[in-house]
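Working notes, beginning with the structure itself.
We use all heavy atoms of the structure for the numbers below, so side chains are in, but hydrogens, waters and symmetry mates are not. Throughout, protein chains are lettered first and strands after them, A, B, ... in sequence-line order, and every chain is numbered starting at 1. Treat the numbers as computed from the prediction; the structure is a model and nothing was measured.
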Amino acid sequence: MADEKELRYDPAVIEPKWQARWAADPGMYAAEPHSSGKPKYYVLEMLPYPSGQLHMGHVRNYSIGDALARHMWMRGYNVMHPMGWDAFGLPAENAALKNNTPPREWTLANIAAMKRQFQRLGMGFDWATEVTTCFPDYYRWNQWFFLRMYEKGLAYRKKSKVNWCPDCATVLANEQVIDGRCWRHEDTIIEQRDLVQWFLRITAYAQELLDDLDKLEGWPEKVRTMQRNWIGRSEGTEVEFTVENRAEKIRVFTTRVDTIFGATSVQLAPEHPLVIAMSAEDAGLREQVAKLLEEQKKAREAGDIGTIEKHGIPTGKFAINPYSSELVPIWVANYVLIDYGTGAIMSVPGHDERDFEFAKKYAIPIRRVIGSADPNAEEPELPFVSEDGVLVNSGEFNGLGCHEAQKKLQKVAKAKGFGEATITFRLKDWGVSRQRYWGTPIPIIHCEKDGIVPVPDDQLPVLLPENIEITQQGGSPLSKVSDFVNVTCPKCKGPAKRETDTMDTFVDSSWYFYRYTDAKNDSAPFDSKTAQYWFPIDQYIGGVEHAILHLIYSRFWTKMMRDLGLITNGEPVERLFTQGMVLKDGAKMSKNRGNVVSPDEMVARFGADAARMYSLFAAPPDRDLDWQEDGVAGVSRFLGRVFRIVTRYAPAARAGAAAKAENPQGVALKLLRKLHQTTAKITQDFEGRWHFNTCVAAIMELVNEIQGADAQLAAGEVPPAVMHELLQTVVLLVAPFAPFLAAELWEELGGDGAVLRQPWPKSDPGLAKEDEIEIPVQINGKLVSLVRVPAGSDAKVIEASALAEEKVKARTAGKTVAKVIVVPGRAVNLVVK
RNA sequence: GCGGAAGUGGUGAAAUGGCAAACACACUAGCCUUAGGAGCUAGCGCCGAAAGGCUUAGGGGUUCAAGUCCCCUCUUCCGCACCA
């Protein structure tokens, strides 16, 4: 054991030292031009909202991405690893109200604070391409895209029922409503209001968004399934029922037109136009419908919308089934949704669970129209919802299979003009208007004479005015800024008013990753050739909470930009990784629970390397991670061991820098073998599995083994050349996970240049291979013994040594070995009777 | 209700169908003393004095061999939830 006074591992000294050096070399994380000849690799983590503080979820997210980026740099790729700020949004306005600080000021101060945290953590971002979405040089392109979409009919205005959050005092997209509540205010019930809103026609891409999910093989199946469900494609038929003694018609949407002869009523959503019309004439009906709506509202407040009891009101009117001419009663029902399909259904209680439940309750006739395909079989019990059967009680269609019948019925409907095959999506157009201040102004002018007039491109950006008064009531804050509102119409030069709504902030994050590739461009959102070089993103890393919102909008935006001719790729992201949450005491960290762990505190106590490495070590990246401070302390102790062992033998290693390790023996061979095995394991993991927790464990094993040989190292039993390879490689393997320590030790070992520019170590399979291995010997599947055989021994050799083994002999004595199964290199199993 | 993921020591966890519990945390015992959130050595699934036996939520199955594959049940978490 070396007895001279040793240096102590002190991250509080090492880390700021390297942070300062890296800050002085801003180009070190910059991507190279396309002409570099290296293969490109775009690694991206989701950009944070500048709340003012990084949290542990961020530390984990960016530790994963940074490890990957560093590894890819060392593998010789041209890496792009950018960072930016999702800087628009409501919290800035709330803060403004609370602290009397302008949103811009508050946001920029938060960005500065979080950028310091990123730098203190040693994250390798190229700050030269930093994107801040609240800056005019960014959001002008939101406006530019909006105008392009307006020209193509992809941005349009309509009056509609919208989701209104009373706490946000603004409209929410469908995607932002969770169980009837606001995604930011769990306790706030969303109200329905009628407002004129801007929409983006994402439904124009519904089919493609769905189809292309199949191509996204690098995405978690879970996310693809969630998106598929969200898009909710449904093939069916629309059928028009005429109403007895009225001019209106009722269109119903059904996926089971084959059951239409079993329709015994027609059900309308309470908000259906015909219900409104009939209510206007019938005070009794009006009252009951109002009650129904009130019930729904209450259920929504109680959070059990979806499970409330089915409830209906007979209107006393009848609809005519166009196939059978049968008269069926028209009801208003609380389980029919106005915003799906046509807001009206035919009710087939014999073959639909919900209709069955409803019919039972109100004694509506239940009729079998699908029977068993096998004439000898007993008829299945109702409700029978399977499509595996044949039509009965269906006139001329009797005997047809369900699918066949559907096609035939559709043909008839089409021919007679009362219906057709249709495809319905659950996905709705994206409402982007927000009655808030801190967002991208929608570049539209309303002129009394010319109507809606787009702001001409050369007048972009429409700047968000500063020094305005933020209030929480009464519509958009911008509507009170007369300098902003009152303009001249670009067409007629007459007086006109600006649109005062701003855009949903998900617009900002839908294309920010393209801007990174050309962040300073002031004549286009980005250069197409440059984007073509970098896209698609090779690896995107973020939380699964964005599986629907951000990731579906981004896919839409990419397709839209492709159709504008800006890019050639149809999907933005090749591989997606969704990391698990960071928990504390088994629960999500939150101020309410008082279980928030601050990254700053962790860094102050244990250092950035320890915090980062722990976040990778404590669990596989895709699983939830319970933050345990003792665990961070453990990783910190491990880093201390690495520091000590490397500094202790750095002089020996430096002495071996020029030499070559010839034919190593004994402990030197043993350590080299472990080294090359570890290198292979970690390299492999970066390529596929991403189990960084076991990578860190493997490095720990390696370091433990080196330390276990301390006496032999001190005695000089390992040649300097081997010491050199050993210690340098340990440092390089650690580098993606603990960049500060790696930099310090690399310098200590006399290494040339930045660690980031070193080639990633290569594992020599010959060196990594053991020359002798242990093979378990089982008798009837139970482990009995182990035998040592030369590596690569064939089955005969292994069998012979297994049978010769003492314990095996003892147990097989007097018995018959019926069978011997040898899996070379793996196991031997004797079947003994 | 539907869909998905998961269930392994006191804890976080590991294990291409082939030695269950690697690596760490906590704990126990000992050593060291520049008394540090330090370092070193050893032990640490359960039963048992030992030999040995048992053990991956529970039950069944496939297999020479199952934590791993199949079926059923239970539990937890996540997503969707009257989508016609």
For this session: Classify the nucleic acid contact of G634(A) as base, sugar-phosphate or nothing, counting any heavy atom under 4.0 Å across all strands shown.
Result: sugar-phosphate
Exercise. Rounded to whole angstroms, how far apart are CD on Q227(A) and P on rG4(B)?
Worked result: 18 Å
Problem set entry | d(CD1, I548(A); P, rG4(B)) in whole Å | 16 Å
Exercise. Taking OP1 and OP2 of rA81(B), is either one under 4.0 Å from a side-chain nitrogen or oxygen of N229(A)?
Worked result: no
For this session: Identify whether any heavy atom of F617(A) sits under 4.0 Å from a base atom; if not, whether one sits that close to sugar-phosphate; answer base, sugar-phosphate or nothing.
Result: base
For this session: Determine the contact category for N780(A): base if any of its heavy atoms lies under 4.0 Å from a base atom, sugar-phosphate if only primed atoms, P, OP1 or OP2 are that close, otherwise nothing.
Result: nothing
For this session: Determine the contact category for L783(A): base if any of its heavy atoms lies under 4.0 Å from a base atom, sugar-phosphate if only primed atoms, P, OP1 or OP2 are that close, otherwise nothing.
Result: sugar-phosphate
For this session: For rG53(B) versus rA5(B), give the span between their P atoms, rounded off to a whole number of Å.
Result: 37 Å
Problem set entry | OP1 or OP2 of rG79(B) under 4.0 Å from side-chain N/O of R228(A) | no
Problem set entry | Test side chain to side chain contact (heavy atoms under 4.5 Å, CB included) applied to L427(A) and R233(A), step by step | CA-CA 8 Å; L427(A) 182 72; R233(A) 182 184 197 271; over 6 Å; no
Problem set entry | L583(A) side chain near L625(A) side chain, heavy-atom distance below 4.5 Å | no
For this session: Rounded to whole angstrom, note down the P distance from rC71(B) over to rC80(B).
Result: 27 Å
For this session: Mind checking A618(A) for me? I need base, sugar-phosphate or nothing, with any heavy atom below 4.0 Å counting as a touch.
Result: sugar-phosphate
Exercise. Taking atom P of rA84(B) as reference, at what distance in whole Å does atom CD of Q406(A) sit?
Worked result: 12 Å
For this session: Fit a plane to each ring of H550(A) and H546(A), take the angle between them on a 0 to 90° scale, and name the class: parallel (under 30°), tilted (30 to 60°) or perpendicular (over 60°).
Result: perpendicular
Exercise. Within less than 4.0 Å of OP1 or OP2 of rA84(B), is there a side-chain N or O belonging to S234(A)?
Worked result: yes
For this session: Please determine, for the side chain of R689(A), which listed nucleotide (rA15(B), rA38(B), rG3(B)) has the closest atom?
Result: rA15(B)
Exercise. Rounding to the closest angstrom, what is the interatomic distance between rC70(B) and rC47(B) at atom C1'?
Worked result: 33 Å
For this session: Remember a base hit wins even if backbone is also touched, and classify Q707(A) as base, sugar-phosphate or nothing at under 4.0 Å, heavy atoms.
Result: sugar-phosphate
Exercise. Looking only at side-chain N and O atoms, does R426(A) come under 4.0 Å of OP1 or OP2 in rA84(B)?
Worked result: no
For this session: Ignoring backbone atoms, test whether K782(A) places a side-chain nitrogen or oxygen under 4.0 Å from the OP1 or OP2 oxygen of rC54(B).
Result: yes
For this session: Quickly work out the I779(A) CD1 to rG53(B) P distance and round it to whole Å.
Result: 11 Å
Exercise. Rounded to whole angstroms, how far apart are CE on M226(A) and P on rG4(B)?
Worked result: 14 Å
For this session: Sticking with atom P, work out how far rG36(B) lies from rA42(B), rounded to a whole angstrom.
Result: 26 Å
Seminar exercise, completed: Given the 90°-from-0 boundary between syn and anti, rG39(B) should be labelled anti
Exercise. OP1, OP2 of rA24(B) versus side-chain N and O of R641(A): anything below 4.0 Å?
Worked result: yes
For this session: Under 4.0 Å between any heavy atoms, over every strand shown, what does N693(A) touch: base, sugar-phosphate, or nothing? Just pick one.
Result: sugar-phosphate
Exercise. With respect to the phosphate group of rC19(B), does any side-chain polar atom (N or O) of R788(A) fall under 4.0 Å of OP1 or OP2?
Worked result: no
Problem set entry | Watson-Crick or G-U counterpart of rC40(B), or none if no pair lies under 3.5 Å | rG30(B)
For this session: Find the distance Q778(A):CD to rA20(B):C1' and express it as a whole number of Å.
Result: 12 Å
Problem set entry | Nearest heavy atoms of V597(A) and M602(A), plus distance in Å | CG1-CE, 3.5 Å
For this session: Would you mind classifying the nucleic acid contact of N829(A) as base, sugar-phosphate or nothing, using non-hydrogen atoms under 4.0 angstrom?
Result: base
For this session: Check A709(A) against L671(A) and note the closest heavy-atom contact, atom names and distance.
Result: CB-CD1, 4.2 Å
Problem set entry | Nucleotide opposite rG1(B) in a Watson-Crick or G-U pair, distances under 3.5 Å | rC80(B)
Exercise. Would you call M589(A) and W627(A) a side-chain contact if the rule is heavy atoms closer than 4.5 Å?
Worked result: yes
For this session: Just call it for V336(A): base, sugar-phosphate, or nothing, with non-hydrogen atoms closer than 4.0 Å on any strand.
Result: base
